[in-house]
Trainee: 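Here it is, the structure in full.
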Amino acid sequence: MVNPAITNLAVTLGVMQLARKVDFDDPTTLFYVRVLYVTSNIIIALAYFYQYTRIQKQNDLTTLKYVEPAAPMSGKSEPSLVTTTVKEYDMLELQKGFKGALMGVAMMAVMHLYFKFSQPLLVQSILPVKNAFETKLASIHVFGKPATGDNKRPFKAAPGLFGGATGNADAQTDKASIEKLEQKASTAKKED
């Protein structure tokens with residue numbers, strides 16, 4: 001499978017070349033670009049709503065345990081044990097994606113309405129839709145792929161532009177790591 005960061009770069013460069021040929025000073029053209037942007041965001045919202053309904057309908061209460069690595073900028077130095085259900089995990093992942101989409105809309109609103117940039121409307125009409133449908137959650141709940149291999153929960157961090165990790169360590173699901181943190185937690189409770 002092609003790295004999503006590379007395809008995003010290619011799409012961005014291609015759409016930026018196309019945007020150079022579009023006359024954004026023409027009110028009619030600008031209106032249609034705005035309509036395209038709003039339509040793409042409606043498609044994204046519908047995709048997230050569909051995933052939400054699928055997660056609620058499946059109601060998968062299978063227990064999911066994993067060791068979440070300490071985030072470098074969070075101030076935590078120790079990894080933490082996370083015990084959740086598949087449904088709760090999927091809902092958190094869905095919430096992250098939706099918040100990211102809303103942040104994109106907010107940034108685009110500032111860029112377009114306040115700074116009067118119109119070219120990014122075209123790029124942001126395509127990339128967020130592409131990204132919303134490339135998530136592992138969409139792969140499972142929209143396209144019906146099984147939650148195995150690359151789609152196994154907890155999801156691995158997406159690779160960076162040049163194939164390396166994005167700086168986030170992946171969650172550990174091996175039994176030894178989980179048992180180590182469970183023993184550590186039970187020891188801490190006994191000492192209290």
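Computed from heavy atoms alone, side chains included, the values below leave out hydrogens, waters and symmetry copies. All of these numbers come straight from a predicted model, not from anything done at the bench.
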Trainee: When rounded to the nearest 0.5 angstrom, what distance separates CD in E93 from CD in Q51?
Mentor: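 Interatomic distance, E93 CD to Q51 CD, rounded to 0.5 Å: 11.0 Å.
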Trainee: For residues 99-114, tabulate all N or O donor-acceptor pairs below 3.5 Å that involve a side-chain atom, not counting sequence neighbours.
Mentor:
| unit_1 | atom_1 | unit_2 | atom_2 | d |
| --- | --- | --- | --- | --- |
| H112 | ND1 | F117 | O | 2.9 |
| H112 | NE2 | R34 | NE | 2.9 |
| H112 | NE2 | R34 | NH2 | 3.1 |

Trainee: Do V142 and L127 sit in the same hydrophobic cluster, where Ile, Leu, Val, Met, Phe, Trp and Tyr count as joined when their side-chain heavy atoms come under 4.5 Å apart?
Mentor: no
Trainee: Can you name the residues that form a side-chain contact (heavy atoms from CB on, under 4.5 Å) with I43, not counting sequence neighbours?
Mentor: T39, V129, F133
Trainee: Please examine the side chains of V33 and S118, heavy atoms only from C-beta on, and report whether any two atoms are closer than 4.5 Å.
Mentor: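 Side chain of S118 against side chain of V33, heavy atoms only: no contact under 4.5 Å found.
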Trainee: Between Q119 and A19, what is the shortest heavy-atom contact and its length?
Mentor: NE2-O, 3.5 Å
Trainee: Do you know the tightest heavy-atom contact between S125 and S40?
Mentor: O-CB, 3.1 Å
Trainee: Over all heavy atoms of both residues, which pair between Y89 and P154 is shortest? Give the atoms and the distance, please.
Mentor: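 The pair with the smallest heavy-atom distance is OH-CA, 3.2 Å.
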Trainee: Sequence neighbours left out, what passes salt bridge (Lys or Arg N to Asp or Glu O under 4.0 Å) with K65? Give chain and number order.
Mentor: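 E182.
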Trainee: Do the side chains of V11 and L18 join up, straight or via other hydrophobic residues, at under 4.5 Å, putting them in one cluster?
Mentor: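 Looking at the clustering, L18 is in the same group as V11.
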Trainee: Does CZ belonging to F98 count more than 12 external heavy atoms closer than 6.0 Å?
Mentor: no
Trainee: Indicate yes or no for a side-chain donor-acceptor contact from Y37 to the backbone of P120 under 3.5 Å, with no hydrogens or angles considered.
Mentor: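 No; zero donor-acceptor contacts below 3.5 Å.
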Trainee: With heavy-atom distances below 4.5 Å as the criterion, would you say the side chains of M16 and T12 are in contact?
Mentor: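 SC-SC contact between M16 and T12 confirmed.
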Trainee: Find out whether I44 and N41 are in side-chain contact, i.e. whether some heavy atom of one side chain is under 4.5 Å from a heavy atom of the other.
Mentor: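 Sidechains of N41 and I44: in contact.
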Trainee: Quick one: pull up CG in N131 and OG1 in T7 and give me the separation to the nearest 0.5 Å.
Mentor: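 Going from CG on N131 over to OG1 on T7, the span is 7.5 Å.
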Trainee: Taking CZ in F31 as the centre, count heavy atoms belonging to other residues, nucleotides or ligands within less than 6.0 Å. Is the count above 12?
Mentor: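 Counting neighbours around CZ of F31, 12 or fewer heavy atoms of other residues, nucleotides or ligands fall under 6.0 Å, so no.
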Trainee: Nearest 0.5 Å, what's the OH-CD distance between Y48 and Q95?
Mentor: 12.0 Å
Trainee: K156: which residues meet the salt bridge (Lys or Arg N to Asp or Glu O under 4.0 Å) condition with it, sequence neighbours left out?
Mentor: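 Result, salt bridge (Lys or Arg N to Asp or Glu O under 4.0 Å) vs K156: none returned.
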Trainee: Given R153, which partner from the list T62, D60, D90, T148 fulfils the side chain to side chain donor-acceptor pair (under 3.5 Å) test?
Mentor: D90
Trainee: Over all heavy atoms of both residues, which pair between L137 and L94 is shortest? Give the atoms and the distance, please.
Mentor: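 L137 and L94 have their closest heavy atoms at CD2-N, 3.5 Å.
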Trainee: Might you point out which heavy atoms bring A132 and A138 nearest each other, and give the distance in Å?
Mentor: O-CB, 3.5 Å
Trainee: CE/M91 to CD1/I55 distance, rounded to the nearest 0.5 angstrom?
Mentor: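 Atom-to-atom, M91:CE and I55:CD1 are 5.5 Å apart.
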Trainee: Between OH of Y32 and CG of L121, what distance do you get to the nearest 0.5 Å?
Mentor: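 It comes to 16.0 Å.
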Trainee: Which residues pass the side-chain contact (heavy atoms from CB on, under 4.5 Å) test with N151, sequence neighbours left out?
Mentor: K136, S139, I140, K145
Trainee: Identify, with sequence neighbours excluded, every residue that meets salt bridge (Lys or Arg N to Asp or Glu O under 4.0 Å) alongside K87.
Mentor: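 Checked K87 against salt bridge (Lys or Arg N to Asp or Glu O under 4.0 Å); zero matches.
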Trainee: Testing the basics here: between Y66 and T84, what is the closest heavy-atom pair and its distance to 0.1 Å?
Mentor: CE2-CG2, 4.2 Å
Trainee: Hydrophobic cluster membership, with links at side-chain heavy-atom distances under 4.5 Å among I/L/V/M/F/W/Y: are L81 and F155 in one?
Mentor: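 No; F155 is not reachable from L81 via cluster members.
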Trainee: Please tell me whether L122 and V35 are part of a single hydrophobic cluster in this structure, the criterion being side-chain heavy atoms less than 4.5 Å apart.
Mentor: no
